[in-house]
Amino acid sequence: MSPPAPRVICWFRTDLRVHDSPALHAALALAPACLYPVWCWDPHYVRTAPVAPNRWRFLLECQRDLSAALTRLNPAQRLFVLREAPTTLLPKLFAAWNITHLVFERDTDTSYGALRDAEIVEKARNAGVQVVTAAGRTLWDPVDITREAGGKPTMSLTAFMKAAKKLGDPAKPLDAPTSLPDPGDLTLSFEHAPPSSDTDINAPHRRGHGDQSYVALAGPGGDFSVPTLEELGIPASAATTPHQGGETIALQHLAKLIADPKYIATFEKPKTAPTAFEPASTTLLSPHLHFGSLSVRRFLHDVQNATAKHTGKKSSPPTNLPGQLYFRDMYFAAQHAVGPAFGCELGNPVVRYIPWHLPSTDTGYTVDSLEAHAWFVRWAWGLTGFPFVDALMRQLRAEGWIHHLGRHMAACFLTRGGAYVHWERGAAVFAELLLDHEPACNAGNWMWLSCTAFFAQYYRVYSPVAFGKKWDPEGTFIRRYVPELAEYSNKWIYEPHRAPREEQRKAGCVVRALEEGGKNSGDVYYPAPMFDFAERREVCLAGMKEAYKVGVHGDDARVVNGTARDALFGNEHGAASVETGTAGEKRKRAGSTLDGWVQKKTCT
DNA sequence: TAGATGTTGCGAGG
DNA sequence: CCTCGCAACATCTA
C-alpha cells in the first residue's frame, strides 16, 4: 500500500508571488493531496519594529494580489491569512489539518528569523511533519557565497563576484504553476493565542481602537481574509505613497522596462538622476524585491534577455542593472557571514568605530549634544534648511522611496559629511520609512556612506548644493517636494537663504531661523540652514581622519565595554561632554523647536 | 610590496 | 566632454 498523499502547508513570508516561487514549486512537487497557502501575521513584525503606514499598505496589496492569483489557479484556493505567531500557530495547524509537510523559503535573517525558523523546524519534527525549505530571496544563496568566499564576509563587489563565479549562473526562473490542488479541511478547533498587548511600537500610527488584527484567528469574517488597513487601525489617509504593491503590478512594470532594451542594456547607475520623479530614473522595483512580489532571478533573467536584444554598446557591472542586483546579494552574503552584529556597530567586526554623536545605548541612544540632536530631528523631518536634502527626506516620508544617489546624499549629510551623527540613527529612520527596507542592504549602505565599512574615501563629501545641481539645475525636484520654495528663481532654489530679502518676499516664502518658529503668522517660512556646511565639512573630515588613525572596529573590547570614546579620543572629536538632564528631557528640548514646522512640510 | 582600482565628490580649468 | 588637485583609504593584482 502506498503512503497517503501529502497534505502540505506552503508558508509564504517574503515571497508573495506565484512566478518563480521556489517554495510553491517545491510544495507542488510533493504532489500533495491538499495544499494550504498560509500567511502568519507575526506580531513580532507588526509590533516590535517601527513601520510606516506606507509599508503596511504595500504589504497588504502584495498579499491581496497573491491571494487573487492563487484563486485564479483554483477557485477554492486563496492565501489563508492567520492572525497568530507562526511559532505557536503552525504546530496547532499541523494537528488540526493533518499536515505531513511544511514548505517555506529560508530566511536570510540571522537573528530573529533564524531563531524562529529553527524553533518551527524543531516543532515540525516533533509533530512528525517533514520540512522542506527553499532558497529564493537572492540570486545565490548567502550560505553558498560565504562558503566560496572562505567564510569571510564579502566586503567588495570584486570579492562577491569571485565567489559567485565559482557557483555558476543563478538558477533560471520557474514558471508559475497552471493549477493548484484544493485546500483540505479548514476547521480551526483550537485555542487562539493573540499576542499580549503591552508592546506595540506602531501604536502611534493607529486610530483609537488600535490594532484589531488579532481579535479573530481567521479575521473578522472568519474567512482567512487579508487584513485591511482599517483592521490594523491605520487610517487610509496615513498611507500616502503612490507606489503600489502586488505581483501583477510588479510584472507589468518589469515588462514595460524590458520593452526598452536600450534602457536596460546601457543602464549606468551613476548616470541616473536622483532628482527625476514621475518617472524615476531607476526601475523602482526594489520594494517588490523586498516583499517578493518580484523574483530577483526573474528580474535578472529578463534583463539579460533584453540586453541580448540590444545592438551596440552595453554597460557592465558594477554600474549596470545586474550589478545593482549583485550589490544586493553582496550585502545579504556579508550579513550572513558576520551574523546579527552586521546591523549595528556593537560587536561588528567589519565596521569602523567612530565617536559619532547620538551613539546607541541598550535601550535607545545618548544625546551627547543637544545641537546634534536637533540636527538629527531636522534631518529626519526635512527641515535642515538645505532644500535638496529636505526634498529628499520629504520624498522619503511621503512616498517611501528615494533614488539610490539621493540616499547617498542624505546619509553622507547626516554622518561624515555634515552632522556627524551615528549612522545607526539614520539607518533607523530609513528602516521605518522605506518601502524597500532590507536590513542587510540598509545597514550595508549606511556603513558604506558613513565610510565605516565597504568604502573608505571619506574625503569625497557630497555637497547639498552642488550634487543636486548636477542633474537638476532648475531645481524641479526641490519645487516638487519643498513646495514653499516653488516660486524661487533657479539662481536661489538650492540656497534660498542667500536670496535677497526682497526676492524671498516676492517668492512668497521668507527664510528665517527655525528657532523663531514657523507659525503664528500668515506668512510662509523656510528654515535657514542648520549649520554652515563648509565649516561642518572640515570638522567632519578632521574627525574622520582622527578615527581612521585610531583604527578600532565594532568588535574591539573597548567598544564593547563602552570605554573607546573616552580612552581613544580627545574632547575635540569624541569624548563629548555629557550634558545634564535625562535623555528623554534633552530629546524633548532639542525637538521642540520643530513645533509649527512639521505640519507645514507635509507634501501632498 | 608597489601600483592600480574602487558603482556614483567638488571645483577649477581646458 | 575631459583632466587635475585636493590630500589620501582599503583592497586587489601582478
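The structure displayed is predicted, hence computed values, not measured ones. FYI, side chains are in, hydrogens and waters are out, and symmetry mates aren't considered; it's all heavy atoms of this structure.
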By nearest atom, which of the nucleotides C/dT13, B/dT8, C/dA8 is closest to the A/Tyr462 side chain? B/dT8

Which nucleotide in the list B/dG9, B/dT7, C/dC12 gets nearest to the side chain of A/Leu157? B/dT7

So what does the secondary structure string of DNA chain B come out as, 5' to 3', with Watson-Crick or wobble pairs under 3.5 angstrom, [ ] for crossing and | for pairs with another strand? ||||||..||||||

Rounded distance in Å - OH (A/Tyr548) to P (C/dC9): 9 Å

For A/Arg352 and C/dT11, give me the distance from atom CZ to atom P, rounded to whole Å. 8 Å

Categorize A/Lys162 for me: base, sugar-phosphate, or nothing, with a 4.0 angstrom heavy-atom threshold over every strand shown. sugar-phosphate

Which is true for A/Phe454 with a 4.0 Å heavy-atom rule: it touches a base, it touches only sugar-phosphate, or it touches nothing? nothing

Check whether any side-chain N or O of A/Arg460 sits under 4.0 Å from OP1 or OP2 of B/dC10, and answer yes or no. no

Whether A/Tyr459 stacks on the six-membered ring of C/dC6 base, 5.5 Å and 30° limits: no

State, without any angle test, whether A/Tyr365 and A/His422 hold a side-chain donor-acceptor pair at a distance under 3.5 Å. no

If only side-chain N and O atoms count, and only distance matters, is there a donor-acceptor pair under 3.5 Å linking A/Thr366 with A/Asp368? no

Any N or O donor-acceptor pair linking the side chain of A/Glu268 to the base of B/dT8 at under 3.5 Å? no

